[in-house]
2 protein chains.
Amino acid sequence: MTRRPTSRDVAQAAGVSQSTVSLVLGGKWHGRVSPATARTVRRAAERLGYRPNLAARNLRLGTTRTVLLVVPTPSSTFFGAVYTGAAEVAARHGFGVVVYPWPDDTGSGDASAQGGPFASPREAIDGVLASSLAVEVLKEFSHTPAVMLDNDPAGATPTVAFAVADGMRALAAHLGALGHRRFGHVAAAADQWTFHERGGALAAAVAALPGGELVRATSVIDVGAAKEAAGRLLDRPDRPTVLVCDDDLMAAGAYKAARARGLDIPRDLSVTGFDDDVLATALEPELTTVRLPARRLGAEGMTALLQLLDGRSPEPRSLPAELVVRASTASPRH
Amino acid sequence: MTRRPTSRDVAQAAGVSQSTVSLVLGGKWHGRVSPATARTVRRAAERLGYRPNLAARNLRLGTTRTVLLVVPTPSSTFFGAVYTGAAEVAARHGFGVVVYPWPDDTGSGDASAQGGPFASPREAIDGVLASSLAVEVLKEFSHTPAVMLDNDPAGATPTVAFAVADGMRALAAHLGALGHRRFGHVAAAADQWTFHERGGALAAAVAALPGGELVRATSVIDVGAAKEAAGRLLDRPDRPTVLVCDDDLMAAGAYKAARARGLDIPRDLSVTGFDDDVLATALEPELTTVRLPARRLGAEGMTALLQLLDGRSPEPRSLPAELVVRASTASPRH
DNA sequence: GGGGGTTCGTCATACGTATTACTTCCCGTC
DNA sequence: GACGGGAAGTAATACGTATGACGAACCCCC
């Protein structure tokens with residue numbers, strides 16, 4: 001016999017019935033199977049290297065113990081961290097995590113191109129953990145329990161979000177205390193809650209500052225594009241004394257724009273980022289930014305989702321967005 | 001009826017038997033079902049929103065159409081790209097991809113802690129795509145078709161690897177042509193084929209250079225640690241004129257070590273990386289490095305694995321590692 | 001008009017598991 | 001010695017699909 005051993009093989013080897021094997025290995029044998037036979041069964045399973053067939057189990061139980069993590073761009077350190085946190089919590093509860101890269105070419109287009117109702121692994125799922133893409137995701141997985149990540153907590157679906165407004169306020173306060181008044185905002189051109197939130201908080205904070213002014217340029221999240229956008233702000237006659245960027249990657253672009261114009265950071269210009277990516281400490285000078293604990297986002301999101309799957313309704317949780325002051329911010333020159 | 005519709009429901013709605021539904025939707029009905037009934041069935045399936053139950057299908061077919069991607073650290077842009085390439089090819093063949101973060105806390109420790117033979121989704125798998133961790137991975141998935149990524153092509157399992165030696169040679173030639181003779185190697189302290197390969201190629205190339213000298217410092221792949229290692233090389237009396245780093249991230253550390261000592265890049269010191277991460281263009285000056293097409297690695301690896309699953313034996317493929325010259329290298333001052 | 005082929009379907013079954021209902025055995029008690 | 005009852009284990013079944021073995025029409029042609 002070269003095929004994978006089944007519970008029936010174990011039963012035969014142990015001299016019992018298949019049901020007994022299932023009971024013992026399932027852990028629900030107390031008072032139904034004698035400790036002695038239980039041991040025999042476990043020993044036989046061990047010896048044969050038995051591993052339960054997942055497909056059969058799933059079919060029988062009607063559950064997969066798998067959740068889908070929907071991410072816009074898997075090749076980012078941020079979502080790598082989210083994944084890690086989520087997978088950690090999931091594993092602790094016997095759940096697995098499957099990644100679904102949302103808008104990339106791997107998307108649903110290919111799947112339906114298979115002809116007929118084609119089921120990809122992403123359909124064998126108990127729940128969905130989705131980041132920042134509310135509308136579309138909910139459309140495709142409408143009848144599946146879902147938790148949103150870093151989305152509007154006021155929405156219909158349970159959400160775990162960063163307190164990005166807090167973070168932005170803390171950042172603005174730090175800059176205000178340094179003496180900055182003319183702010184430039186290098187904003188992400190993405191229609192997502194978190195960016196609207198950041199923009200709103202910054203605008204409010206600057207408006208509350210005596211003599212505060214705010215100019216804005218938008219770009220996609222990319223070094224080159226951000227450099228260009230930052231350049232537009234720096235070329236204004238009333239050049240800002242600080243560039244607040246929506247992302248660390250964009251801050252790297254701002255660095256380049258500044259240096260191309262002979263501006264020293266932080267002496268001539270302060271720059272800030274958002275996320276606290278590896279990049280933040282790789283840049284020179286090291287970047288003042290707002291730390292978003294991505295791994296924790298994944299972990300808390302998964303916790304909430306598991307609660308949801310368990311029938312309990314998870315309380316909405318908010319994660320801190322903490323200011324990290326490094327070397328890219330200083331008082332403006334007079 | 002509120003539950004998920006089954007093929008039997010579709011059959012009833014279309015006024016045919018379950019087998020007919022299965023035949024039609026499976027696409028194997030030519031000569032067995034009339035085009036008219038086929039249309040009826042498809043229409044009914046559409047109307048009910050029928051999606052096949054994956055667990056049942058897997059059980060019946062004894063296959064999961066899923067492959068496992070084993071990665072050491074999912075929170076890196078490199079493996080994100082590998083994943084994307086792999087998932088793309090997989091989807092085109094109706095396969096899904098599940099990620100298994102290898103040595104992290106999510107590992108097998110937790111799984112066995114569940115008590116009894118606990119099956120995680122990572123076991124319902126047709127094949128394994130594993131990167132750089134040969135020995136251990138093969139231990140756990142010994143009876144599963146596997147393809148290695150970026151590992152020794154001479155090994156027993158089929159492999160798709162970068163021609164890192166070529167890349168390193170091209171890099172050394174570039175530096176030699178600029179006039180460099182005293183090389184510093186900031187090497188990754190990881191016991192992986194790719195790093196041995198890089199080190200060997202560099203040593204050979206430098207040795208072949210008239211008057212070539214090579215000093216080496218190792219560190220883990222991390223900005224801070226690399227900065228420290230690079231510093232050790234820069235503090236030598238016979239300071240190297242160029243630091244060749246095993247990774248872009250380590251090059252960032254080298255930048256910091258150089259700047260801490262008042263050395264200008266590339267005037268006083270040339271620095272090179274490896275990988276061509278986003279980081280490479282985010283740094284200033286932009287980093288001369290060797291590009292490893294990570295996405296292609298995933299794609300080719302998946303292609304090979306699918307061939308393997310198909311019974312064919314894949315020819316070992318090697319991917320180019322191409323030199324990318326940017327602004328961090330120049331001729332040494334005399 | 002009956003044999004043989006083609007077309008269109010259906011019946012029955014198996015995949016491997018978890019669980020409910022049931023049988024068997026044995027012991028203590030009146 | 002009959003009987004209640006717990007302990008230990010088993011038989012049977014269902015989950016939803018894919019497919020090989022069977023039928024039942026229908027047509028063609030000798």
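A, B, ... follow the sequence lines: proteins, then strands. Residue 1 opens every chain. These figures come from a predicted structure and were not determined experimentally.
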Please lay out, stage by stage, how A:Arg3 and A:Thr6 fare under the test side-chain contact (heavy atoms from CB on, under 4.5 Å).
CA-CA 9 Å; A:Arg3 47 171 244 285; A:Thr6 74; 3.9 Å; yes
For DNA chain D, find the residues of residues 13-21 of chain A with a heavy-atom distance under 4.0 Å and give them by number; none if there aren't any.
A:Val16, A:Ser17, A:Ser19, A:Thr20
Find which nucleotide of DNA chain C each of B:Leu23 and B:Leu59 is nearest to by heavy atoms, and output the residue with the more 5' nucleotide.
B:Leu23
Got a list of side-chain donor-acceptor pairs under 3.5 Å for residues 16-28 of chain B, not counting sequence neighbours?
unit_1  : atom_1 : unit_2  : atom_2 : d
B:Ser17 : OG     : B:Ser19 : N      : 3.4
B:Ser17 : OG     : B:Ser19 : OG     : 3.3
B:Ser17 : OG     : B:Thr20 : N      : 3.4
B:Ser17 : OG     : B:Thr20 : OG1    : 3.2
B:Gln18 : NE2    : B:Ser7  : OG     : 3.4

I'd like the 5' and 3' limits of the part of DNA chain D contacted by chain B, with heavy-atom contacts below 4.0 Å.
D:dG16 to D:dA21
B:Phe162 versus B:Pro320, closest heavy-atom pair with distance:
CD2-O, 4.3 Å
What are the two closest non-hydrogen atoms of A:Phe79 and A:Ser131, and how far apart are they?
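A:Phe79 and A:Ser131 have their closest heavy atoms at CE2-OG, 3.5 Å.
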Counting any heavy atom closer than 4.0 Å, what does A:Leu61 reach on the DNA or RNA strands: base, sugar-phosphate only, or nothing?
sugar-phosphate
Does B:Ser22 reach a base, just sugar-phosphate, or nothing at all? Heavy atoms under 4.0 Å.
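Base contact.
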Can you give each donor-acceptor pair under 3.5 Å made by side-chain atoms of residues 300-312 of chain A, sequence neighbours left out, with the distance rounded to 0.1 Å?
unit_1   : atom_1 : unit_2   : atom_2 : d
A:Glu300 : OE1    : A:Arg317 : NH1    : 3.3
A:Glu300 : OE2    : A:Arg296 : NH2    : 3.4
A:Thr303 : OG1    : A:Ala299 : O      : 2.8
A:Asp310 : OD2    : A:Arg312 : NH2    : 3.4

Using the side chain to side chain contact (heavy atoms under 4.5 Å, CB included) criterion, which residues pair with [X]? Sequence neighbours excluded.
X	result
B:Ser34	B:Ala36, B:Thr37
B:Pro316	none
B:Ala154	B:Asp152
B:Ala44	B:Val10, B:Ala13, B:Ala14, B:Arg47

Residues of residues 27-36 of chain A with any non-hydrogen atom less than 4.0 angstrom from an atom of DNA chain C: list those, numerically ordered, please.
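Hits under 4.0 Å, by residue number: A:Lys28, A:Arg32.
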Nearest 0.5 Å, what's the CG-CG distance between B:Leu149 and B:Leu129?
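Between atom CG of B:Leu149 and atom CG of B:Leu129 there are 4.0 Å.
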